[in-house]
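Below is one structure; the comments refer to it alone.
None of the values given here were measured: they were computed from a predicted structure.
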2 protein chains.
Amino acid sequence: MANARAKSSRSTGPSSRGERSRAAILDAARRLFAARGYRGTTMASVAAAADLTQPGLLHHFPSKEALLRELLEERYHDDGRRLRESLARENQGLVVALERLVEHNLSSQESVRLFAVLVAEALSAYHPAHAYFVERYEKIRQWLATTLRDDEQAGRLPANRDADALAGLIVAVMDGLQTQWLLDPRFDMVGAFRTFTDLLIDDPDHRSGATAAVDADGSDRADSPR
Amino acid sequence: MANARAKSSRSTGPSSRGERSRAAILDAARRLFAARGYRGTTMASVAAAADLTQPGLLHHFPSKEALLRELLEERYHDDGRRLRESLARENQGLVVALERLVEHNLSSQESVRLFAVLVAEALSAYHPAHAYFVERYEKIRQWLATTLRDDEQAGRLPANRDADALAGLIVAVMDGLQTQWLLDPRFDMVGAFRTFTDLLIDDPDHRSGATAAVDADGSDRADSPR
DNA sequence: GTCTATATGAGGATAGAC
DNA sequence: GTCTATCCTCATATAGAC
């Protein structure tokens with residue numbers, strides 16, 4: 001993820017000169033696509049940011065679309081990994097893992113922006129990444145729904161909910177909060193997400209299901225354990 | 001606010017020839033911007049769809065950006081109107097009004113798509129509509145927060161919630177669900193939204209009205225997943 | 001693997017006739 | 001108010017040298 005910057009003339013390191021260019025290109029592309037969108041970014045600007053000429057760039061990625069695909073591919077592998085890891089590590093269920101992810105995203109504005117911008121552009125059915133995102137979202141929802149059901153069975157979440165609808169809802173909340181945060185960094189994405197998870201958890205079915213310790217005037221539950 | 005509307009040389013009908021062109025341009029632009037985004041749409045294609053040449057179009061809107069601004073402006077007026085109306089008409093509070101809006105959006109895919117695409121492109125700080133959307137979102141959240149507080153006071157929603165965070169959350173849910181629905185029209189946006197409003201409403205504090213019909217027995221919720 | 005030079009085309013905007 | 005013709009800039013991509 002670091003910036004495989006510049007071309008130090010010698011390669012005492014692990015990678016050849018070509019490898020370094022490739023990494024520099026990807027790094028530049030991530031930043032520029034995030035800042036200006038796919039359509040708004042020129043290959044020449046990516047090349048320049050990677051200290052190459054534009055034909056030099058094309059040696060590594062034969063077209064702009066190929067470059068885009070590589071970025072998507074790369075992220076696809078990262079994707080969910082963080083979530084799955086924190087799920088396994090903390091063993092506190094999906095909700096906590098999601099909160100961790102949202103917190104993490106606060107410090108990954110660039111990556112968040114990259115994907116927000118690309119998804120948005122890809123809403124257009126003509127966009128080269130359209131099919132990619134359709135599939136990606138479907139898979140994410142499926143994984144979330146499965147995980148939600150696990151949590152319900154484990155008693156970490158109220159049962160009798162529509163896990164599929166909830167999965168879509170969770171994705172929506174994360175995406176939608178990101179949009180607002182990207183538009184205005186003062187927007188409290190984490191706070192709003194916690195408001196959401198409070199709603200997810202503080203539910204009568206769940207409380208009284210396993211059952212609940214709500215004192216009759218639950219006035220201050222909003223500031224529950226946190 | 002209104003558009004310093006054209007200078008129709010004559011006004012025999014509701015619209016002169018120029019007026020008709022103008023309307024045709026806006027109509028075409030709405031469709032094309034929605035389908036291909038702002039950057040992805042050429043002025044020539046808009047002109048063609050409006051049965052004009054590109055310079056003919058430029059007679060009405062001196063630049064592409066001017067055309068964009070007009071579309072945003074126009075929507076700005078529509079905006080919230082529907083919500084406010086259904087709020088006033090049904091007098092059932094914000095949640096019901098929001099549900100109506102989401103249902104309505106199902107049949108306005110083009111308009112929804114237009115704005116989803118434009119917001120997305122406008123995440124980039126360089127986009128001509130960036131500032132517009134920052135302001136717009138801020139205003140929407142403020143209005144929602146105010147309305148939420150009204151509903152809380154009217155007893156239609158549980159009190160003691162963070163209305164500001166909730167406002168951002170509501171916007172996020174609507175936007176995020178739209179994204180998924182636009183990517184894949186089979187996605188059940190309305191169902192997912194109802195799942196959300198259920199969470200908003202089905203809360204012990206609220207249900208129990210002034211207070212709790214929740215039987216206390218606090219076993220395991222203290223250590224519930226959190 | 002990277003360069004210079006260039007082909008090719010698209011897109012926004014202007015000039016000026018009708 | 002709309003057209004034809006044209007300019008200019010920019011962007012993707014290719015050819016071919018080093």
Side-chain angles (χ1 to χ4, degrees), chain A residues 4-11 13 15-29 32-33 35-71 121 124 126-129, chain B residues 3-13 15-29 32-33 35-71 121 124 126-129:
Chain A
R5 240 327 133 36
K7 32 0 193 352
S8 45
S9 31
R10 234 173 350 170
S11 61
S15 41
S16 71
R17 188 172 174 212
E19 285 294 303
R20 252 176 291 116
S21 279
R22 192 188 154 87
I25 289 167
L26 288 171
D27 195 54
L32 288 167
F33 283 4
R36 326 194 64 118
Y38 174 68
R39 281 183 170 132
T41 301
T42 69
M43 290 296 264
S45 70
V46 175
D51 272 313
L52 279 174
T53 59
Q54 189 245 21
L57 191 171
L58 287 174
H59 173 74
H60 296 273
F61 299 94
S63 74
K64 192 181 183 181
E65 204 179 317
L67 180 53
L68 172 64
R69 263 198 291 268
E70 181 63 26
L71 288 182
E121 282 185 291
S124 162
Y126 306 91
H127 193 278
Chain B
N3 306 337
R5 253 314 150 36
K7 7 44 182 318
S8 46
S9 30
R10 216 160 17 143
S11 46
T12 32
S15 44
S16 68
R17 189 177 172 205
E19 285 294 303
R20 253 178 289 116
S21 280
R22 193 189 154 87
I25 290 166
L26 287 171
D27 196 52
L32 288 167
F33 284 3
R36 327 194 64 121
Y38 174 68
R39 280 182 170 130
T41 302
T42 69
M43 290 295 266
S45 71
V46 175
D51 271 312
L52 280 175
T53 59
Q54 190 245 20
L57 190 171
L58 286 175
H59 172 75
H60 295 274
F61 300 94
S63 72
K64 191 181 184 183
E65 205 179 314
L67 180 53
L68 172 64
R69 264 196 290 271
E70 180 62 26
L71 288 182
E121 282 184 292
S124 162
Y126 306 91
H127 193 278

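If you take CD1 of A:Ile25 and P of C:dG1, they are 11 Å apart, rounded to a whole angstrom. Atom NE2 of A:His59 is separated from atom P of D:dG16 by 18 Å (rounded to the nearest Å). Rounded to an integer number of Å, the gap from CG of A:Leu57 to C1' of D:dT14 is 15 Å. Counting to the nearest Å, the P atom of C:dA10 and the CZ atom of B:Arg36 are 13 Å from each other. Atom C1' of nucleotide C:dT14 and atom CE of B:Met43 are separated by 13 Å, given to the nearest angstrom. Rounded to whole Å, atom P of D:dA11 lies 11 Å from atom CZ of B:Arg39. Distance B:Phe61 CZ to D:dG1 C1': 14 Å, rounded to the nearest Å. Note: CG (A:Leu67) to P (D:dT12) measures 10 Å, nearest angstrom.
With C:dG12, D:dT12, C:dT2 as the choices, the nucleotide that has an atom nearest any side-chain atom of A:Lys64 turns out to be D:dT12. In the set D:dA13, D:dT2, C:dT2, the nucleotide with an atom closest to the side chain of A:Leu58 is D:dA13.
Applying the side-chain contact (heavy atoms from CB on, under 4.5 Å) rule to B:Leu68 yields the partners B:Phe33, B:Tyr38, B:Leu72, B:Leu118, B:His127, B:Pro128, B:Ala129; only residues at least two apart in sequence or on another chain are considered.
Counting all heavy atoms, side chain and backbone alike, B:Ser21 lies closest to B:Leu52 at OG-CD2, 4.2 Å. Taking all atoms of both residues into account, the shortest heavy-atom contact from A:Ala49 to A:Ala28 is CB-CB, 3.6 Å.
With respect to B:Arg36 and A:Glu121, no salt bridge is recorded, no charged nitrogen being found less than 4.0 Å from a carboxylate O.
By the 4.5 Å heavy-atom criterion applied to side chains, A:Phe61 and A:Arg69 are not counted as neighbours. Two residues are said to be in side-chain contact when any heavy atoms from C-beta on lie closer than 4.5 Å; A:Met43 and A:Leu67 meet this criterion. Between B:Glu70 and B:His60 the shortest side-chain heavy-atom distance does not fall below 4.5 Å.
In this model, the phosphate group of C:dG12 is not approached by any side-chain N or O of B:Ser63 to a distance below 4.0 Å at OP1 or OP2. Contact annotation: A:His60 reaches the phosphate of C:dT2 (side-chain N/O to OP1 or OP2, under 4.0 Å).
At a threshold of 4.0 angstrom between heavy atoms, the contacts of B:Ser45 with the nucleic acid are absent.
Of the residues in residues 46-55 of chain B, those with a non-hydrogen atom less than 4.0 angstrom from any atom of DNA chain D are B:Leu52, B:Thr53, B:Pro55.
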Are there any protein N/O atoms within less than 3.5 Å of an N/O atom in nucleotides 8-10 of chain D, and if so, which ones and at what distance?
none

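To the nearest 0.5 angstrom, A:Lys64 atom NZ is 7.5 Å from A:Thr42 atom OG1. Annotation: the span from A:Leu57 atom CG to A:Arg22 atom CZ amounts to 11.0 Å, rounded to 0.5 Å.
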